[in-house]
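This report refers to the structure that appears directly beneath it.
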Amino acid sequence: MTLLKTPLLDTIRDAADVRRLPQDKLAQLAAELRAETIDAVSVTGGHLGAGLGVVELTVALHHVFNTPHDRLIWDVGHQCYPHKILTGRRDRIRTLRQGGGLSGFTRRAESEYDPFGAAHSSTSISAGLGMAVARDLSGEERNVVCVIGDGAMSAGMAYEAMNNAGAMDSRLIVILNDNDMSIAPPTGAMSAYLARLISGQTYRSLREIGKQIAGHLPKFVERGAARAEEFARGFWTGGTLFEELGFYYVGPIDGHNLDHLLPVLKNVRDAKTGPILVHVVTQKGKGYAPAEASADKYHGVVKFDVVTGAQVKAKSNAPSYTRVFAESLISEARRDPKVVAITAAMPSGTGLDLFGQVYPERTFDVGIAEQHAVTFAAGLAAEGFKPFCALYSTFLQRAYDQVVHDVALQGLPVRFIIDRAGLVGADGATHAGAFDIAFLACLPGMTVMAPADEAELVHMMATMVAFDDGPSAVRFPRGEGVGVERPERGEVLPIGKGRIVRGTGEGDIALLSLGTRLAACLDAAERLEAAGFTVTVADARFAKPLDRELVLKLASGHGALVTVEEGSVGGFGSHVLQLVTDEGLLDRGTVKVRAMVLPDIYIDQETQARQLAAAGLDADAIVAKVEGLLGKAKAGVGLHKAG
Ligand SMILES: Cc1ncc(C[n+]2csc(CCOP(=O)(O)OP(=O)(O)O)c2C)c(N)n1
Ligand SMILES: CC(=O)[C@@H](O)[C@H](O)COP(=O)(O)O
Ligand SMILES: [Mg+2]
């Protein structure tokens, strides 16, 4: 339990207590809430900077609005720890991002105070509009408030939602939390626009803001008058972009000043108008010196010492796959000027910050805009460049139609670098890279590969640079490699060919791995051979095109063929099963075939290793699967002889 003294926070059981608190106590509550957030995250790790930036805003929102009856939706949800502490979950806040513990994002199943789950950005206004329309259709009375960051505001989905909200004139409150940060400093014209809004004027005086809101004139008169004034003085409100989308723009105001926040939020709460956007200016990492001083404002941290801010980083004996990718791309780019790289607001996460240090003019951060990133890459490929579009597997999901329609169907040689493929650990199910093999390997002309280790990744990078016949993708997990020696320069691999890494290609069992599960397969093979089985282990290298010859050789030369991948059903194993079925190998009954994949479970926040064990994709599970398949081991007796 913490040694922190939080006498006021100790009285807060849920948001109703925040609403009942005298206004002059709220500043103390905010101070205690900030201290508790820092203390809790120092123990659990997680997203700290964003939450520190909205402490006052969180207190003010729960004081002014009648949550959970009024709906409060947090975009991305990584900033929700103060919200969780105030809404009945303080007692569990130190279970954040752990198996069976609190989610690191908002989650409907967790609390009535989380009306919408998040983690992927820019969904809050769409969800909020849906709830506002549901309110109107049901004749109910409630406020709907969406808190969206300046980074999340760079995604197209936010505009789709505002465009619709403005047209519907639906009563909806959007709080734009502008801390001039995404994970990295923000990019794009929107961020420059917001900076102008703030720099163009000091925080608007409350009187002026009162005027902005007080204008309850009928819309058409209000709009006419405002429009005349606006164009007469040329965008004087600054919020014109939002106003043109049908929102009343209020702000910018100081998002850490409760004396500003409270009256504005009360006015906005009671204003009977169409959608309103309140522009609050905050500081990511506010109130914790190590976070404020850090370039990323402690966006995502591991456990740390509260006094010094020093993070307790795990020792690693191998480079991360992300670093291996980045270093390989840099060396390939030295030889090939057509190599360019694209990230969607994740430069450090994808390693493109390293590439950008060497080739800034060949590095593009398009903001949180994965759909645009993919088709932007397609445009570059159409003109003969070699675009490496680096996205987390889970975030690539947002750009699927662009992958199909703009890349695959046109056969454009976009290279997809899919980081965080498979289980990711503490971020949980919303970030699991479970589906990329399934949704890519079914596409015409797509080449999909997965390295077994960091050396293989270097070869696959060389292969992707050389391969210009169509789109290609390489997927690798979060975290470190296995510590193998990396080649100076990658060799170009034969497309669609796998390799046998252990055994003769005939025997009792064939373990056919795709990606980094190879290590678990080799471990399982050791133990199965000690139990009397003869085992072949092969590394498929490619999910597509499938190595027909290898698959059919393994299926006809063993009593059992087991594929192992860190992906969902419908991926590599399904393609193998389809091939052996179509070739009639199952009809003869001479081989049993199984595909080991990630089960359809809600993947708890947990370490990756524990998730893999729980998902049944570690060596223990592989051994159990095979022994279940072929019966308990008969020491020294091979259960199947090729024949
Ligand atoms: C679709 C999608 N792409 C990328 C991310 C990764 N991501 C998480 S938070 C974040 C930055 C969000 O910036 P902002 O909305 O300004 O929030 P802040 O952290 O500044 O409070 C990004 C890019 C994501 N969650 N969802
Ligand atoms: C909130 C969010 O989506 C990102 O911060 C994500 O959690 C980063 O994941 P990694 O920690 O794997 O880079
Ligand atoms: Mg931001």
Side-chain angles (χ1 to χ4, degrees), residues 45-55 57-58 74-82 97 103-106 117-125 146-158 175-188 190-191 194-195 255 279-286 291 296-302 320-322 343-353 365-374 390-400 419-433 476-479 605 608:
H47 293 99
L48 180 63
L52 292 180
V54 295
V55 166
L57 180 60
T58 304
W74 294 95
D75 203 283
V76 182
H78 63 316
Q79 76 290 67
C80 72
Y81 304 174
R97 296 160 51 89
S103 166
F105 306 99
T106 52
H120 286 198
S121 82
S122 318
T123 61
S124 60
I125 304 174
C146 312
V147 182
I148 183 168
D150 56 305
M153 192 58 103
S154 66
M157 187 172 175
I175 310 279
L176 171 55
N177 171 34
D178 183 1
N179 55 20
D180 195 25
M181 277 294 285
S182 184
I183 292 183
T187 61
M190 170 48 89
S191 125
L194 293 177
H279 183 183
V280 300
V281 180
T282 62
Q283 185 187 357
K284 194 165 185 176
K286 174 83 174 176
D296 73 350
K297 308 301 174 200
Y298 275 28
H299 170 82
V301 293
V302 294
S320 68
Y321 283 102
T322 303
T343 175
M346 307 287 286
S348 57
T350 58
L352 288 189
D353 54 343
D365 179 351
V366 298
I368 309 180
E370 288 82 4
Q371 296 173 334
H372 164 60
V374 170
L391 299 170
Y392 287 14
S393 170
T394 191
F395 301 139
L396 177 60
Q397 291 163 187
R398 181 158 285 187
Y400 190 52
D419 201 334
R420 280 28 172 214
L423 298 172
V424 294
D427 271 343
T430 53
H431 282 61
F476 47 81
R478 184 176 198 272
Q605 281 76 16
Q608 273 165 283

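Just so you know, these numbers come straight off a predicted model, no measurement behind them. All ligand and atom numbering here is 1-based and tracks the order in the structure.
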NE2 on H299 to OG on S182, rounded to 0.5 Å: 7.5 Å
Identify all N/O pairs between ligand 1 and the protein with a separation under 3.5 Å and present them as a table of atom names and distances.
from, atom 1, to, atom 2, distance (Å)
ligand 1, 3 (N), E370, OE2, 2.7
ligand 1, 15 (O), A152, N, 2.9
ligand 1, 16 (O), D150, N, 3.3
ligand 1, 16 (O), D150, OD1, 3.0
ligand 1, 16 (O), G151, N, 2.7
ligand 1, 16 (O), M181, O, 2.8
ligand 1, 19 (O), H78, NE2, 2.7
ligand 1, 19 (O), K284, NZ, 2.6
ligand 1, 20 (O), N179, OD1, 3.0
ligand 1, 20 (O), N179, ND2, 2.8
ligand 1, 20 (O), M181, O, 2.9
ligand 1, 21 (O), N179, ND2, 3.3
ligand 1, 25 (N), A119, O, 2.7
ligand 1, 26 (N), S121, N, 2.9

Give me the pairs of N or O atoms, one from ligand 2 and one from the protein, that sit under 3.5 Å apart.
from, atom 1, to, atom 2, distance (Å)
ligand 2, 3 (O), H431, NE2, 2.7
ligand 2, 5 (O), H47, NE2, 2.9
ligand 2, 5 (O), H299, NE2, 2.7
ligand 2, 7 (O), H47, NE2, 3.2
ligand 2, 7 (O), D427, OD1, 3.4
ligand 2, 7 (O), D427, OD2, 2.5
ligand 2, 9 (O), D427, OD2, 3.3
ligand 2, 11 (O), R478, NH2, 2.9
ligand 2, 12 (O), R420, NE, 2.8
ligand 2, 12 (O), R420, NH2, 3.4
ligand 2, 12 (O), R478, NE, 2.7
ligand 2, 13 (O), Y392, OH, 2.6
ligand 2, 13 (O), R420, NH2, 2.8

Reported CD-to-CZ distance for the pair Q371 and F395, which is rounded to 0.5 angstrom: 14.0 Å
Heavy-atom pair with the smallest gap, counting every atom of A152 and A158: O-CB, 4.2 Å
N, O or S from S182 under 2.8 Å to the Mg ion (ligand 3): no
Within-4.5 Å side-chain heavy-atom neighbours: V54 and V280: no
Check: Q605 side chain, S103 main-chain N or O, donor-acceptor pair, under 3.5 Å: no
Pair D419, T322: side-chain N/O donor-acceptor within cut-off below 3.5 Å: yes
Candidates R97, R478, R420 - the one meeting side chain to side chain donor-acceptor pair (under 3.5 Å) with D427: R97
I183 versus M346, closest heavy-atom pair with distance: CD1-SD, 3.5 Å
D150 N/O/S atom closer than 2.8 Å to the Mg ion (ligand 3): yes
Expected output: side-chain D75 to main-chain S124 donor-acceptor under 3.5 Å: yes
Short side-chain to backbone donor-acceptor contact, T394 and T430, under 3.5 Å: yes
Whether N179 has an N, O or S atom under 2.8 Å from the Mg ion (ligand 3): yes
Whether H47 and H78 hold their rings parallel, tilted or perpendicular, with breakpoints at 30° and 60°: perpendicular
